[in-house]
Amino acid sequence: MEGCRNSKDYMMDVAGRVFVLGVGIDNVNLGEALKRIQEYVENGTAGLVVTANPEIVMLARKSPDFKAYLDNALMVTADGIGILIGARLLGRPIKQRVTGIDLTTALFEQAAAKKYKFYFVGAKPGVAEAAAENIRKAYPGIEIIGIQHGYFNDDSKIIDDIKIKKPDILLAALGMGKQEKWIEERVKPAGVPVSIGVGGSFDVFSGEAKRAPKWIQDAGIEWLYRLIRQPSRFWRMLQLPKFLGAIILSRLFSGK
Ligand code: UDP
């Protein structure tokens, strides 16, 4: 039932999707998300996987092009505690947070057994290489068959390389918006089965950026940890109260 997301401003369930401010979020736990990725790889389905946070939902409200990328995505998981709170406020809780780091880490764990071939694109020069080195040490047998930094003007050589190497899973770490556009317009036509927008994940895997300690993640305040470490994110984080305000308004409006 792909492609049946609707644009209503309130939430409804369609084929396991929960609509949060018009953006369909797949109500999957980590195990289900992994199983779906395995099916997409086996079937050779070319498409995008998004791990959505409130900033992504707010961008989709502003940009119809970006919204179309989400509507066409193979899967959109709930990254960010804000999505979970929003869905709960709307009365249809989502079962689990599936973040980009959790999803990719679980895929790396399965990589050798399932023979997944990965291609990494994104982050500053050297960062994706450092991430790949750490990942290869942690998950022996993993195949990372291509690595490119994310500061390119002309991507034609990268696309040619992707077509030749034929990865199963491409991770694009170009930042929200840019990575989804690049995947939809450039990587999907190159036939890569699964491409995941992973934001700042290479910075985390390379050791350049530290993820919050587990207790902070579990308390749902990773956003606060990131804000303290990177105050420049303040303006972006204002999207969270705007998102919650929009949820409350939409709930009042829909009378639910
Ligand atoms: N980046 C990139 N190319 C660009 C702009 C950004 O490769 O043209 C990388 C940047 O170096 C960083 C990641 O994209 O590694 C964005 O990280 P951020 O945590 O801001 O991700 P977001 O929260 O936007 O998903």
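Just so you know, ligand 1 is whichever comes first in the structure, and atom 1 is the first atom listed for that ligand. Note: hydrogens, waters and symmetry copies are ignored here, and every other heavy atom, side chains too, is used.
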Side-chain donor-acceptor contact under 3.5 Å, [X] with [Y]:
| X | Y | answer |
| --- | --- | --- |
| Gln148 | Tyr119 | yes |
| Tyr69 | Gln179 | no |
| Ser63 | Asp65 | no |

Just which atoms of ligand 1 are under 4.0 Å from any heavy atom in [X]?
| X | result |
| --- | --- |
| Leu174 | 1 (N), 2 (C), 4 (C), 5 (C), 6 (C), 7 (O), 14 (O) |
| Lys178 | 4 (C), 8 (O) |
| Gly122 | 7 (O) |

### Message
Residue-level breakdown please: for Asp203 versus ligand 1, do any non-hydrogen atoms fall below 4.0 Å on the side chain, on the backbone, on both, or on neither?
### Response
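For Asp203, the contact with ligand 1 is made by the side chain alone.
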
### Query
Taking heavy atoms and a distance under 4.0 Å, where does His149 meet ligand 1: side chain, backbone, both or neither?
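Looking at His149 and ligand 1, no heavy atom falls under 4.0 Å.
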
To the nearest 0.1 Å, how far is [atom] from its closest protein heavy atom, and which atom is that?
| atom | value |
| --- | --- |
| atom 3 (N) of ligand 1 | Gly150 O, 2.7 Å |
| atom 13 (C) of ligand 1 | Gly199 O, 3.5 Å |
| atom 24 (O) of ligand 1 | Met176 N, 3.0 Å |
| atom 23 (O) of ligand 1 | Arg236 NH2, 2.9 Å |
| atom 19 (O) of ligand 1 | Arg226 NH2, 3.3 Å |
| atom 18 (P) of ligand 1 | Gly200 N, 3.8 Å |

### Query
What orientation do Trp182 and Phe152 show, parallel under 30°, tilted 30 to 60°, or perpendicular over 60°?
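Tilted: the ring planes of Trp182 and Phe152 meet at 30° to 60°.
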
### Query
Looking at CG of Asp79 and CD of Glu222, how far apart are the two atoms once the value is rounded to the nearest 0.5 Å?
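The distance works out to 8.5 Å.
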
Are [X] and [Y] packed together at the side-chain level, in the sense that at least one heavy-atom pair is separated by less than 4.5 angstrom?
| X | Y | value |
| --- | --- | --- |
| Asp168 | Val194 | no |
| Leu90 | Ser250 | yes |
| Leu48 | Asn72 | no |
| Glu55 | Leu59 | no |

### Query
Where the closest heavy atom to atom 10 (C) of ligand 1 is concerned, which of Trp182, Phe152, Tyr151, Phe202 has it?
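Answer by nearest heavy atom: Tyr151.
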
### Query
Of the choices Ala123, Ser201, Ala173, which has the non-hydrogen atom that lies closest to atom 14 (O) of ligand 1?
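Selected option, by shortest heavy-atom distance: Ala173.
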
